[in-house]
2 protein chains.
Amino acid sequence: MSQTVDRALSILPLLAQGPADLGQVADRLGVHKSTALRLLRTLHEHGLVHRQQDQRYRLGARLFALAQEAVENLDIREIAHPHLAALNEQTGHTVHLAVYEESEVLYIDKVESRYPVRMYSRIGKPVAITVAAVAKLLLADLPEPERRAVAAKLDYPMYTPRSTPNAAAFLTELATVREQGWATDLGGHEESINCVGAPVRGADGRVVAAMSVSAPNVVVTAEELLTLLPLVRRTADAISRDYSGKDPA
Amino acid sequence: MSQTVDRALSILPLLAQGPADLGQVADRLGVHKSTALRLLRTLHEHGLVHRQQDQRYRLGARLFALAQEAVENLDIREIAHPHLAALNEQTGHTVHLAVYEESEVLYIDKVESRYPVRMYSRIGKPVAITVAAVAKLLLADLPEPERRAVAAKLDYPMYTPRSTPNAAAFLTELATVREQGWATDLGGHEESINCVGAPVRGADGRVVAAMSVSAPNVVVTAEELLTLLPLVRRTADAISRDYSGKDPA
DNA sequence: AACGGGTGTTGCGTATGTTGCAACACCGCA
DNA sequence: TGCGGTGTTGCAACATACGCAACACCCGTT
């Protein structure tokens with residue numbers, strides 16, 4: 001592992017917390033000012049860091065451009081998108097696509113509801129991992145030891161009374177999801193919002209992504225939303241087939 | 001400038017184009033495989049790079065998290081947000097906030113329209129710089145030489161027949177915007193969408209951000225949208241006042 | 001089974017690049 | 001004018017990142 005690069009990259013999370021001047025960066029890195037300066041300059045050349053009028057440094061625009069390109073070039077996303085759009089067309093509800101990576105789950109695509117009430121989420125934003133249907137689907141497929149390890153490390157915020165309270169409950173829930181091949185979130189993140197989701201599988205049968213349909217209580221009840229389950233599963237299976245060239249059954 | 005860091009960071013745009021394996025990365029960097037491996041490992045440790053099942057590398061999730069935090073910690077954004085929300089409340093239309101940085105303009109906040117027809121844009125996405133109202137406002141405030149330099153370097157895609165066709169036309173438009181203190185985009189990006197925007201100024205009078213209201217033809221005509229101009233300008237001035245503590249007049 | 005081409009990985013000596021220092025330049029303030 | 005606080009530069013000493021070469025591994029082939 002390269003020391004220089006390691007130090008340079010450590011600057012990024014540091015600046016993510018807010019702008020800082022040269023001295024602060026040097027201190028928090030534990031290096032001499034001149035060293036910090038050279039690292040910052042290099043980061044600056046690549047646009048990852050920006051210098052504002054008051055001389056302080058903050059994260060730069062290239063970071064957004066990179067994140068943007070990264071998400072747009074994911075092949076699952078490209079393959080899945082038309083299916084998601086079709087599902088949105090049929091149901092009118094918000095449709096999400098998410099992937100798991102390094103203990104995080106994040107949305108990589110979203111087709112918005114036709115109804116005026118929409119849920120708050122953003123592409124690239126980490127998902128509420130302990131409650132979201134897509135998160136359950138992705139974690140349920142991890143090998144058992146990793147699943148336990150991740151579950152143990154997580155926080156279990158009580159967004160609502162129906163949120164998953166702790167690791168034990170979460171693991172039980174994951175076992176159920178793994179068994180049945182689909183997942184729900186019934187008011188576990190926001191009181192009035194329900195979701196139904198299904199997994200997308202690669203050629204080897206492993207879950208590579210998960211999709212869900214979300215709708216608020218005021219539009220459809222949880223029971224009504226659950227009637228969409230077969231449709232959601234068919235869509236997920238269709239994506240799996242397109243992605244892997246194999247039938248997921 | 002640090003060579004090691006420079007090389008490591010050069011990997012990111014390379015991977016933004018799509019996944020690549022070790023050999024490809026080494027080749028395109030012009031270094032030995034072992035060197036590339038060490039750099040990739042360091043990037044991996046920081047989560048900027050992810051290794052997929054087929055061993056190839058692609059950009060990692062931490063990138064999104066960083067971009068996310070960065071945009072959320074911008075102080076202009078925090079100060080402006082309530083004003084944007086209020087404007088959305090009054091008009092019902094989509095409201096955007098954007099900043100300029102290193103030859104790019106990007107959205108840093110957005111409050112969505114109440115109407116079902118919405119325009120396509122995303123926080124963190126670079127703006128169509130030659131036509132968007134917010135882009136004109138931000139570029140119009142640059143010192144003249146820089147403005148000319150940027151205008152000369154840009155592409156001028158003809159999204160619609162009303163798009164800005166070339167640098168000369170763009171500079172003329174910028175002069176007008178600079179003069180009048182507000183800007184529009186009437187169908188220059190998407191045929192059916194119009195925008196009106198106004199600048200947010202810092203204590204020194206320089207433009208630090210720009211905001212706009214957008215609406216499709218089917219909801220309000222361009223003329224009707226223009227009647228909102230005084231309201232938009234008042235909102236922008238209110239943000240300027242909050243941000244700088246000074247009256248922008 | 002043995003082979004070959006294609007990967008990714010490791011250990012190591014060398015020289016290159018990085019480090020921290022000390023001195024300087026700059027700015028605002030008293 | 002002097003003084004703390006910045007950010008910046010040049011340089012010599014050293015640590016570190018470099019590329020090499022050899023190895024390990026996984027395929028499909030003969």
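In this text, all values refer to a predicted model and were calculated from it rather than measured experimentally.
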> How would nucleotides 6-13 of chain D be written as a contact map, 5' to 3', with B for base contact, S for sugar-phosphate-only contact and - for no contact, using protein heavy atoms under 4.0 Å?
Replying inline: -BBB----
> Mind checking what makes ring pair (Phe, Tyr, Trp, His ring centres under 6.0 Å) contact with B:Phe170, not counting sequence neighbours?
Replying inline: B:Tyr156
> Can you list the residues that meet the side chain to side chain donor-acceptor pair (under 3.5 Å) rule with B:Arg28, with sequence neighbours excluded?
Replying inline: none
> Does any pair with a residue in residues 12-23 of chain A pass side chain to side chain donor-acceptor pair (under 3.5 Å), and if so which ones, sequence neighbours excluded?
Replying inline: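 Found none.
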>> For residues 30-39 of chain B, which residue pairs pass the side chain to side chain donor-acceptor pair (under 3.5 Å) check, not counting sequence neighbours?
In response: B:His32-B:Ser34
> When the distance from CG of B:Leu39 to P of D:dA17 is rounded to whole Å, what number comes out?
Replying inline: 10 Å
>> Any side-chain N or O of B:Arg38 below 4.0 angstrom from OP1/OP2 of D:dC18?
In response: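 For D:dC18, OP1/OP2 do have a side-chain N/O of B:Arg38 under 4.0 Å.
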> Angle, rounded to 10°, between the helical axes spanning five pairs at each terminus of the helix from C:dG5-D:dC26 to C:dA30-D:dT1?
Replying inline: 30°
>> Using a strict heavy-atom distance below 4.0 Å, which residues from residues 2-18 of chain A are in contact with DNA chain D?
In response: A:Ser2, A:Gln3, A:Thr4
Of all residues at least two apart in sequence or in a different chain, which pass the salt bridge (charged side-chain N to carboxylate O under 4.0 Å, His left out) check with [X]?
X: B:Glu144; answer: B:Arg148
X: B:Arg206; answer: B:Asp141
X: B:Asp6; answer: none

>> Using only atom types and a distance under 3.5 Å, with no angle test, would you say the side chain of A:Tyr100 pairs donor to acceptor with the backbone of A:Ser103?
In response: yes
> Going by the salt bridge (Lys or Arg N to Asp or Glu O under 4.0 Å) test, which pairs reach into residues 39-59 of chain B, not counting sequence neighbours?
Replying inline: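 Listed by first then second residue: A:Glu101-B:Arg58, B:Asp54-B:Arg56.
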>> Please list all pairs meeting salt bridge (Lys or Arg N to Asp or Glu O under 4.0 Å) that have one or both residues in residues 169-179 of chain A, counting only residues at least two apart or in different chains.
In response: A:Lys136-A:Glu173
